A.B. asks: 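Please see the structure below; I have some questions.
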There are 2 protein chains.
Amino acid sequence: MKKNPTQKYASIIFKKHNHNVCFNNAMKAFQKHCFEKNLKLTPLRIKVFEFLLRDHQPLGAYQILDMLRDSGFGSTPPIAYRVLDFLIEQGFAHKIKRLNAFVACSHLGSTHSPAFMICRKCEKVAEINEKESGVNLKKAAPFDFKIEEAVIEVIGLCISCITVEAT
Amino acid sequence: MKKNPTQKYASIIFKKHNHNVCFNNAMKAFQKHCFEKNLKLTPLRIKVFEFLLRDHQPLGAYQILDMLRDSGFGSTPPIAYRVLDFLIEQGFAHKIKRLNAFVACSHLGSTHSPAFMICRKCEKVAEINEKESGVNLKKAAPFDFKIEEAVIEVIGLCISCITVEAT
DNA sequence: ATCGCCATGTTATAATATAACATACGTTTA
DNA sequence: TAAACGTATGTTATATTATAACATGGCGAT
C-alpha cells in the first residue's frame with residue numbers, strides 16, 4: 001500500500017518531512033488542473049504557488065508582493081490579490097483569517113470542507129479535513145439555518161513548539 | 001421549568017423575539033460582572049455594549065465610532081478598539097472574523113467555546129455552543145497538537161432570509 | 001487584421017487596526 | 001493635604017490589509 005505522507009496525517013506538516021514530495025505533487029496537480037480546465041498556467045501564477053508551497057508557513061499578501069518584486073514581477077497589491085483569488089477559487093490555496101495570510105492547499109483535487117490547525121508560536125498551519133477535525137456539520141442542522149460553508153481555525157501549539165517550550 | 005428563550009435555541013436570534021429580555025439580561029449581567037470583578041462600569045463601556053445589544057447585527061469598529069460620535073463620545077479608532085477589547089476579554093462580546101465586526105455575547109457568564117452562524121444575506125449572527133455546532137474538538141486530538149482555542153464560523157442563510165428568498 | 005478575452009500592470013483610495021503619547025480623574029500613600 | 005500612581009479616555013499619526021477603476025499587451029478566434 002503506497003501512501004503519500006502528506007495525506008496521511010496533517011501533523012506531519014509540523015515535523016520534518018520530505019518536502020520535495022509535498023512540493024512536487026502539488027505543483028504537478030496544479031499543472032494538470034490548469035491544463036484540464038483550460039486555465040492559463042502563467043509564470044506569475046506558478047511563482048505565487050511556489051512561494052506558498054515553500055514550507056507550510058502562511059504568507060501575507062504583502063510578503064508575497066515583496067517576493068514578487070524580488071523576482072521581477074509587478075508588485076502592487078492587486079497583482080497578489082488576483083493571483084491568490086485565482087488559487088483559492090481553483091482550490092489550490094486557502095486564506096487563514098486568523099493570520100490574514102494564505103497557504104497552499106494540502107488536500108488537492110478533492111472537494112473538501114477544510115479546517116486548520118494554526119500554531120500560535122511558529123505560525124505554521126496544517127490543514128485537516130472535516131472527518132479528521134471532528135467537525136460534523138450535519139449535526140448543526142436542528143437550527144433553522146441553511147449551512148453553506150464553515151470556517152474552522154484551531155489555534156494551539158504544534159508538536160515542534162511544544163517540544164521547544166518544554167526545554 | 002423556567003427557561004430563558006435566548007438560551008434555548010440560537011436560531012431564535014434570526015426570528016422575532018422579545019428582545020427586551022435579551023437586552024436587559026445582558027446589561028444586568030454586565031453590571032453584575034463589573035461590580036463583582038471591581039471593573040469600571042463607565043458610560044463609554046455601557047454605551048458600546050448597548051450598541052452591540054441593539055439587535056443581533058454585528059457592528060464594525062467604525063460603525064461604532066460613528067455612533068459614539070453621535071452620542072458625544074470620542075470617536076477616534078482607539079476609543080472603539082479599546083472598549084471592544086475590554087468587552088471581549090470580559091466575555092461580553094466576540095469578534096466575527098468573517099465580517100470584521102463585533103457582536104454581544106449570547107452565552108453570558110459561562111466559559112464557552114463559541115461558534116457562530118452567520119447569515120450571508122442579512123449578516124445577523126447567532127452564537128451557538130460547541131455541542132450545538134456539531135464540532136467536536138476532542139476528536140481532533142490524535143494530532144500532535146495542543147488545542148487552545150477554536151474559531152468556528154458557519155456561513156449560510158438564516159430562516160428569515162430563506163423565507164424571503166423563496167417568495 | 002481585427003476583435004475580444006483575459007492576464008497583468010498602474011494609480012488611487014478604502015477599510016481595518018495599532019503605536020505612542022497626552023490628559024484627566026479618583027485612590028492610595030506619605 | 002499633596003504627591004504618586006493607576007486606569008480610562010482622548011489625540012495624533014501611521015501601519016496593515018484590501019479593493020475599485022482604468023490602462024496595456026499578448027494571443028486565439030473569426
Side-chain angles (χ1 to χ4, degrees), chain A residues 30-31 33-35 37-52 57-90 92-103 118 123 151 153, chain B residues 30-31 33-35 37-52 58-90 92-103 123 151 153:
Chain A
F30 182 51
Q31 290 166 351
H33 177 92
C34 287
F35 179 75
K37 300 254 172 172
N38 206 23
L39 299 166
K40 300 194 178 153
L41 189 70
T42 64
L44 179 61
R45 287 171 175 176
I46 292 169
K47 186 56 86 179
V48 172
F49 192 46
E50 270 178 26
F51 292 156
L52 294 179
Q57 206 83 35
L59 297 176
Y62 284 74
Q63 280 179 278
I64 290 170
L65 285 169
D66 286 343
M67 297 164 93
L68 285 174
R69 182 175 306 111
D70 294 345
S71 306
F73 288 88
S75 57
T76 53
I79 300 283
Y81 284 105
R82 279 189 299 227
V83 175
L84 290 166
D85 284 349
F86 172 83
L87 292 173
I88 290 168
E89 271 163 27
Q90 300 305 319
F92 287 84
H94 297 290
K95 177 166 185 181
I96 307 298
K97 309 229 180 225
R98 170 70 169 220
L99 305 171
N100 288 324
F102 303 85
V103 284
I118 305 166
E123 296 201 331
V151 174
E153 297 185 353
Chain B
F30 182 51
Q31 290 166 350
H33 177 91
C34 288
F35 179 75
K37 300 254 174 169
N38 206 23
L39 299 166
K40 300 198 178 150
L41 188 70
T42 64
L44 179 62
R45 289 170 174 177
I46 292 169
K47 185 57 85 180
V48 172
F49 192 45
E50 270 177 26
F51 292 155
L52 295 179
L59 295 176
Y62 284 73
Q63 281 179 279
I64 290 171
L65 285 169
D66 286 343
M67 296 163 93
L68 285 174
R69 181 175 307 110
D70 293 346
S71 306
F73 289 88
S75 56
T76 54
I79 300 282
Y81 284 105
R82 281 189 298 227
V83 175
L84 289 165
D85 284 349
F86 172 82
L87 291 173
I88 290 168
E89 271 163 26
Q90 300 305 320
F92 288 83
H94 297 291
K95 177 165 185 181
I96 306 299
K97 310 231 180 221
R98 170 69 168 220
L99 304 172
N100 288 324
F102 303 84
V103 284
E123 297 201 330
V151 174
E153 297 184 353

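Computed from a predicted structure; not experimentally measured. Chain A is the first sequence line, chain B the second, and so forth, proteins listed ahead of strands; every chain is numbered from 1.
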A.B. asks: Considering only heavy atoms, which members of residues 59-69 of chain B lie under 4.0 Å from some atom of DNA chain C?
C.D. replies: B/Y62

A.B. asks: Once you round it to whole Å, what is the distance between P of C/dT16 and CG of B/D85?
C.D. replies: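 Computing the B/D85:CG to C/dT16:P distance gives 16 Å.
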
A.B. asks: Using whole Å, report how far CG of B/N100 lies from C1' of D/dT16.
C.D. replies: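 Answer to the nearest Å: 12 Å.
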
A.B. asks: In whole angstroms, how far is the P atom of D/dT16 from the CD1 atom of A/I96?
C.D. replies: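 Nearest whole value for this atom pair: 21 Å.
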
A.B. asks: Rounded to whole Å, how long is the line connecting atom CG of A/L99 with atom P of D/dT17?
C.D. replies: 10 Å

A.B. asks: Under the side chain to side chain contact (heavy atoms under 4.5 Å, CB included) test against B/L52, which residue among B/V103, B/L59, B/V83 passes?
C.D. replies: B/L59

A.B. asks: Might you work through the side chain to side chain contact (heavy atoms under 4.5 Å, CB included) test for B/D66 and B/R69, ending with a clear yes or no?
C.D. replies: CA-CA 5 Å; B/D66 286 343; B/R69 181 175 307 110; 3.0 Å; yes

A.B. asks: Separation of A/L84 atom CG from D/dT17 atom C1', in whole Å?
C.D. replies: 12 Å

A.B. asks: Closest approach of B/F102 and B/Y81, non-hydrogen atoms and distance?
C.D. replies: CZ-CE2, 4.5 Å

A.B. asks: Does the side chain of A/L68 come within less than 4.5 Å of A/L44's, by heavy atoms?
C.D. replies: yes

A.B. asks: For the residue pair B/G74 and B/I79, what are the closest heavy atoms and their distance?
C.D. replies: O-CG2, 3.7 Å

A.B. asks: Are the side chains of B/L41 and B/F30 in contact, using a 4.5 Å heavy-atom criterion?
C.D. replies: yes

A.B. asks: Ignoring hydrogens, what is the shortest heavy-atom contact between A/P58 and A/A101? Give both atom names and the distance.
C.D. replies: CB-CB, 3.6 Å

A.B. asks: Measure CZ/B/F86 against P/D/dA8 and give the value in whole Å, please.
C.D. replies: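 My rounded result for the distance is 7 Å.
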
A.B. asks: For B/L39 and C/dG26, give me the distance from atom CG to atom P, rounded to whole Å.
C.D. replies: 18 Å

A.B. asks: Can you tell me the distance, in whole Å, between the CG atom of B/N38 and the C1' atom of C/dT28?
C.D. replies: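 Rounded to the whole Å, the gap is 14 Å.
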
A.B. asks: Does this structure show an ion pair linking B/D85 with B/R82, if we count only N-O contacts that are shorter than 4.0 Å?
C.D. replies: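 No, this pair does not count.
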
A.B. asks: Between protein and nucleotides 9-15 of chain D, what N or O pairs are separated by less than 3.5 Å?
C.D. replies:
from	atom 1	to	atom 2	distance (Å)
D/dT9	OP1	B/T42	OG1	2.5
D/dG10	N7	B/R82	NH2	2.5
D/dG10	O6	B/R82	NH1	2.8

A.B. asks: Could you go step by step and tell me if A/L39 and A/F86 meet the side chain to side chain contact (heavy atoms under 4.5 Å, CB included) rule?
C.D. replies: CA-CA 10 Å; A/L39 299 166; A/F86 172 83; 4.2 Å; yes

